[in-house]
**Student:** 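Before we start, here is the structure in question, set down as structure tokens.
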Amino acid sequence: MSAPDLNTVRHSAAHVLAAALQSLYPDVKFDIGPATAEGFYYDIDMAHRLTPEDLKAIEKEMKKTLGRRLPFERLEWSRQEAHDFFASRGQGYKLERLGDIPEGEVISVYRCGDFTDLCRGPHVEHSGQIGAVKLLSIAGSYFRGDEKNPMLQRVYGTAFHSREDLDAYLQAIEEARRRDHRKIAAEMELFSTHEDVGPGLVCWHPRGARVRHAIESFWKDMHYAHGYELLYTPHIGRARLWETSGHLDFYRESMYSAMEIDENDYYVKPMNCPFHIQIYQNRPRSYRELPLRWAELGTVYRYEKAGVLHGLLRVRGFTQDDAHIICTPEQIESEITEVLRFSLSLWKAFGFSDIKAYLATRPAKAVGEPARWEQALQSLEKAVKACGLACEVDAGGGAFYGPKIDLKIKDAIGREWQTTTIQFDFNLPERFDMTYVGADGQRHRPYMVHRALLGSLERFFGILVEHYAGAFPTWLAPEQVRVLPISEQYSAYAGDVARALRSAGVRVEVDEAADPIGGKIRRARQQRLPYMAIVGEREAADGTVAVRSRAGEEGALPLADFVQRVREEIAARR
RNA sequence: GCCCACGUAGCUCAGUCGGUAGAGCGCGUCCUUGGUAAGGACGAGGUCACCGGUUCAAAUCCGGUCGUGGGCUCCA
């Protein structure tokens, strides 16, 4: 007998959860209980509000069922039989779900012990095949995910073939918690938010700002090197601009309310594009100057529901690494390929190489000529192919204004993050009546592509902190070297060492505390320093430093050699 | 926004039955002047998130507000 697949195990575990709930809370009404990527859940409705303590009791009940090796029995019922069964038990949500099943389809139920559930299956043969279960959390969830519907209680859990697999999973969760950027960034004094500033609004501290500056400088250099120009645009713009762009029509609920200045309404920008278009429109444009690649680290503000804010990963004010490419139809393919290549090289520089592409095509409601959509889509597909990326297609998943490619990157512990987005826009060029004069002397409509590679600096920074667990590579570290004098007697030499490093462009500080060397080392390790330069009598006499890296002691090095080593490492972005 | 949980010193957390606030780390001063993951002594820090209620008395009980966290929906 081969082991059932994990999804089946988890799906069956959800049934066992439901059975346990049924025996403990007789008034429980069930919605659905599917397997998920990491486990399973069951959505329920009942008078009792579950608490974390309840989970223990429920889990105990479930484990009894596992031990009993109860068979899962599949039955096929007529619609009437199923209806009567669930109606007689007051299972209204199940009746609604039953109504979703198209006429003519087989209606199956699964029975395990006293619990019978409407279910497509498949399931394990008996509950003993569910190796290990654990309930994880309780949450609220709307019936059918719609906030107009009643709020149900959701119990999350997970199941594995074996206790060992479950333990490994729990350890992975623990590891993710250990890397939490909110915790690490607080320890490292990288950023903070404040009740009096407002939720989702980030204040960058000196050390966070040092890392951000390193990211931004590299980003700007790379953009100039790739044929981009940099722009700066205002944070607010008049209502007319947002009327023309259509944001006030389609995006208003994400924009902050207007402020009145000299009897005109101004809005804080949720996007940078209208400003870039204004610059384009400043004078007639010729095909000879296309493509234009205009980039900006543009800070935008969007209203996000209070409940979705999360550290740096989901905020209300953020800086997009935005750019707009304006080009002719002939240029579109090579432009897209270039953007993708550029993006991949950027990700590689930051230590990410496991990347997948997601292509989203034309939705039912869309603006723009079908021929343009077709050409755009082909250019996206060819670019993905040219870069050798794995790609999934989300048919009909594009925005109404154009198709797009999103990239998802995998971090050090295997989590996927959506970051880069490359989106065609057939809407704004029309709305602003953007044109260029072609070789034929006629006015033509350019293609316009929005793209953000890192996404937003806030979110990217959060991902980066978790990816490296705060141990940034030297070129990004907020403090690259700390000089640790053995005692105060050597603070003059420590100052010399720091000066030499600083003038070589190294971010360096001296630990002047009256602690013994062990304490200073411990502190520097906790703060995840890439290098310590320990100096005492021998080093002062020889003009050397005793180097300690994250790997441990590396022995004494002449100061000039050490400066050279750190400098090379930074230059190579290691 | 909605459901649930949480909010005590800069950080991590104790605080019993309602009786007026504690520890460790960090911070400051002094002593120690040291050789690779915590030297020692003393000291300063709190409107117990905020507002209101119950009570002789509230960190503790009740209500509201704000914030944070786990989810739902959407997305950078």
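Atoms considered below: every heavy atom in the structure, side chains included; atoms not considered: hydrogens, waters and symmetry mates. Labels below follow one simple rule: chain letters A, B, ... track the order of the sequence lines, proteins then strands, and each chain is numbered from 1.
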**Student:** If you look at every strand shown and take non-hydrogen atoms under 4.0 Å, does A:A452 touch a base, only sugar-phosphate, or nothing?
**Tutor:** nothing
**Student:** Using purine N1 to pyrimidine N3 plus N6-O4 or O6-N4 for Watson-Crick, or N1-O2 and O6-N3 for G-U wobble, both under 3.5 Å, which nucleotide pairs with B:U73?
**Tutor:**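 The answer is none; no pair meets the criterion.
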**Student:** Can you check the A:L309 CG to B:G70 P distance for me, whole Å?
**Tutor:** 11 Å
**Student:** Looking for any heavy atom pair under 4.0 Å, which part of the strands does A:A546 touch: base, sugar-phosphate only, or nothing?
**Tutor:**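 Result for A:A546 = base.
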**Student:** Looking at A:Y303, I'd like to know whether one of its side-chain N or O atoms comes within less than 4.0 Å of OP1 or OP2 on B:C74.
**Tutor:**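 For B:C74, OP1/OP2 do not have a side-chain N/O of A:Y303 under 4.0 Å.
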**Student:** Only one of A:E569, A:R550, A:E479 clears side-chain hydrogen bond (donor to acceptor under 3.5 Å, both in side chains) with A:Y531; which?
**Tutor:** A:E569
**Student:** Centroid distance below 5.5 Å plus an interplanar angle below 30 degrees: do A:F318 and B:A76 meet both conditions?
**Tutor:**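 Whether judged by distance or by angle, A:F318 passes, so it stacks on the base of B:A76.
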**Student:** Would you indicate what A:E304 reaches in the nucleic acid, counting non-hydrogen atoms under 4.0 angstrom: base, sugar-phosphate, or nothing?
**Tutor:** base
**Student:** Tell me the interatomic distance from A:I521, atom CD1, to B:G39, atom P, rounded to whole angstroms.
**Tutor:** 11 Å
**Student:** Within this structure, what is the OH-to-C1' distance between A:Y41 and B:G71, rounded to whole angstrom?
**Tutor:**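 My rounded result for the distance is 11 Å.
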**Student:** Any strand counts, and the cut-off is 3.5 Å on both contacts for Watson-Crick or G-U wobble. Which nucleotide pairs with B:C17?
**Tutor:** none
**Student:** In this structure, how many angstroms lie between the P atom of B:C72 and the CD1 atom of A:I32, rounded?
**Tutor:** 12 Å
**Student:** Which part of the nucleic acid does A:E539 contact within heavy-atom distance under 4.0 Å: base, sugar-phosphate only, or nothing?
**Tutor:** base
**Student:** So, is A:Y490 near the phosphate of B:G35, with a side-chain N or O under 4.0 Å from OP1 or OP2?
**Tutor:**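 Answer no for this pair, as no side-chain N or O of A:Y490 is under 4.0 Å from OP1 or OP2.
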**Student:** Sort out the partner of B:A57 for me: Watson-Crick or G-U wobble, both distances under 3.5 Å, none otherwise.
**Tutor:** none
**Student:** Please tell me if A:Q489 has a side-chain N or O lying less than 4.0 Å from either OP1 or OP2 of B:U32.
**Tutor:**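 So the side-chain polar atoms of A:Q489 never come under 4.0 Å of the phosphate oxygens OP1 or OP2 of B:U32.
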**Student:** Please state whether the phosphate of B:G69, meaning OP1 or OP2, lies under 4.0 angstrom from any side-chain nitrogen or oxygen of A:R182.
**Tutor:** yes
**Student:** Please give the nucleotide sitting opposite B:U36 as a Watson-Crick or G-U wobble pair, both distances under 3.5 Å, or none.
**Tutor:** none
**Student:** With both distances under 3.5 Å as the test, what is the Watson-Crick or G-U wobble partner of B:G24?
**Tutor:**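 With both distances under 3.5 Å, B:G24 matches B:C11.
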**Student:** Pick base, sugar-phosphate or nothing for A:Q418, based on heavy-atom distances below 4.0 Å to the nucleic acid.
**Tutor:** sugar-phosphate
**Student:** For B:G45, what is the paired nucleotide under Watson-Crick or G-U wobble rules, both distances under 3.5 Å?
**Tutor:**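 Because no pair has both required distances under 3.5 Å, B:G45 counts as unpaired.
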**Student:** Calculate the interatomic distance between A:H310 atom NE2 and B:G70 atom C1'; express it in whole Å.
**Tutor:** 10 Å
**Student:** When we call it a touch if two heavy atoms are under 4.0 Å apart, what does A:P516 touch: a base, just sugar-phosphate, or nothing?
**Tutor:**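 Base: the residue A:P516, judged by heavy atoms under 4.0 Å, touches a nucleobase.
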**Student:** Taking any strand in view, what nucleotide pairs with B:G52 in a Watson-Crick or G-U wobble way, both distances under 3.5 Å?
**Tutor:** B:C62
**Student:** Whole angstrom is fine here: how far is it from CE in A:M255 over to P in B:A76?
**Tutor:** 16 Å
**Student:** Examine A:R10 relative to A:F160 and say whether NZ or CZ is less than 6.0 Å from the centre of the six-membered ring and inside a 45° cone about the ring axis.
**Tutor:**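 Yes.
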**Student:** Start at the 5' end of RNA chain B and walk down; is the nucleotide closest to A:E147 or to A:I534 reached first?
**Tutor:** A:E147
**Student:** Rounded to the nearest angstrom, tell me the gap between atom CZ in A:R548 and atom P in B:U36.
**Tutor:** 10 Å
**Student:** Is B:G67 paired to anything, Watson-Crick or G-U wobble with both distances less than 3.5 Å, and if yes, which nucleotide?
**Tutor:** B:C6
